[in-house]
Amino acid sequence: MAWILPGSQPDAVLGRYDYLEFWSAVVLTGAAISVWLVLLTPASRRRTTGFKACALWLGLLLGLGLAELLAFALPARHPMDNPWTLDGLRDSGELSHVRPAHVKWRGLTRGDLVAPGERDPDAHMMTFVTDMDGFRNDTDVQQADLVVIGDSFTEGGTVDDAQIFPTLLAGKLGVKGRNLGRVGYGPMQELIVLRKYGLACKPRTVVWQITEGNDLWDTAGYEKWVADGRPPYLAYLDRGWDVHVKAWHERSPTYFIYDRLRRYEREDWPFSGVFHDGAGVAHDVRFFLDPSLLEPALGHPGWEGFSRAIMDGAALC
């Protein structure tokens, strides 16, 4: 009955069973088979066989239960665009989070707009290297004519170093540049980066990259974190049930099996296009849609801190 009752639904095993329905059916079926095997055993061995079956089920369920509990309870990992290493981000204090110095990671890219369960059709091998301060530069740069600050768009965690815009810009201008972008930063952190690292390079030009999609909310979130006493930032991000559920999805053995068996039904992306690169190769592009993009900047809870950071940065330069 557990296999018959569920109706058809998207992104499910055989197009019918969600996680709970699938594993309930599996366990109930296994239990029913065990009962019948015990009943078919000669009466003289039935009690012993029943105890063995119960011990097997108890050990299996306890072991799985412990594994699932650990998968849920362990802190969430923060790959931030690629799975770098388990210590890819670290708490800092003033800057909320930093990357370790002189990390070299090589692996497959993962696009930000790949839908859950999809493989990135443009995934390719790439190398990510950090300098002495944990910023994305393949060499330690003490002096630079060009300094670029910003967030993940500047750090460029999904493409090779030769393809990110700070590298391209420095090459076009024929100057030495330094990339000081870092994923997850907003203007208030970027102002600290400018003051602490950027101006120390004695640059002639500073480019400050702004993201209209989330910089206002990043500013509001950073100000709240500061007001809360600057607790360890990665643990601060881990608050909430949904964070632990997502972490559980990444580690759970039963969810891993379920996820590999279920059938994803790819839906049409609501807003997309085609980008032709310099070599004439066409790439599908998915544009991000979010209600927060419709909110006016003026009057936004992050606007005051955002505008103040930009003005302070301009005055510093």
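Note that the numbering runs from 1 along the sequence shown for the chain.
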Shared ILVMFWY cluster between V13 and W3, side chains joined below 4.5 angstrom?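 Yes, it is one cluster - the side chains of V13 and W3 are joined through contacts under 4.5 Å.
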Is it the case that the side chain of [X] and the backbone of [Y] share a donor-acceptor pair, with hydrogens and angles ignored and the cut-off at 3.5 Å?
| X | Y | result |
| --- | --- | --- |
| Q209 | D151 | yes |
| Q163 | D160 | yes |
| E68 | T254 | yes |
| D277 | G280 | yes |
| T130 | R136 | no |
| R204 | D145 | no |
| T48 | R45 | no |
| Q189 | L95 | no |

Under the criterion side chain to side chain donor-acceptor pair (under 3.5 Å), which of D161, D131, N179, T167 is the partner of N137?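 When D161, D131, N179, T167 are each tested with N137, the side chain to side chain donor-acceptor pair (under 3.5 Å) holds only for D131.
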Closest approach of R251 to L74 (non-hydrogen atoms, all atoms of both residues):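 What the structure gives for the nearest pair is NH1-O, 3.6 Å.
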Heavy atoms of R46 and L39 approach each other most closely as NH2-O, 3.4 Å
For Y17 and F22, I'd like to know if the aromatic rings sit close, meaning centre-to-centre distance below 6.0 Å.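 Ring centres of F22 and Y17 not closer than 6.0 Å.
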Measure centre to centre between the rings of Y19 and W248, then say whether the value is under 6.0 Å. yes
Given D140, I149, D133, the one that forms side-chain contact (heavy atoms from CB on, under 4.5 Å) with R178: D133
Does [X] [atom1] have over 12 foreign heavy atoms under 6.0 Å away?
| X | atom1 | value |
| --- | --- | --- |
| E295 | CD | yes |
| F153 | CZ | no |
| Q143 | CD | yes |

Check the pair L216, T219 against side-chain contact (heavy atoms from CB on, under 4.5 Å), reporting the backbone distance first and the verdict last. CA-CA 5 Å; L216 290 173; T219 302; 5.7 Å; no
With no hydrogens and no angle check, do the side chains of W225 and S96 hold a donor and an acceptor under 3.5 Å apart?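 Per modelled atom types, W225 and S96 side chains form no pair under 3.5 Å.
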Short side-chain donor-acceptor distance under 3.5 Å, T127 and R106: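 Note: R106 and T127 side chains meet the donor-acceptor criterion.
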Y185 side chain reached by H97 side chain, heavy atoms, under 4.5 Å: yes
Tell me whether E155 is salt-bridged to R99, with the criterion being a basic N under 4.0 Å from an acidic carboxylate O.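 Looking at R99 together with E155, the answer is yes, because their closest N to O distance falls below 4.0 Å.
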With a 3.5 Å cut-off and sequence neighbours excluded, list the donor-acceptor pairs that the side chains of residues 308-317 form with protein atoms.
none

What class does the angle between the rings of H249 and Y255 fall in, given that below 30° is parallel, 30 to 60° is tilted and above 60° is perpendicular?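 Parallel: the ring planes of H249 and Y255 meet at under 30°.
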Gap between atom CG of L28 and atom CH2 of W23 - 0.5 Å precision: 12.5 Å
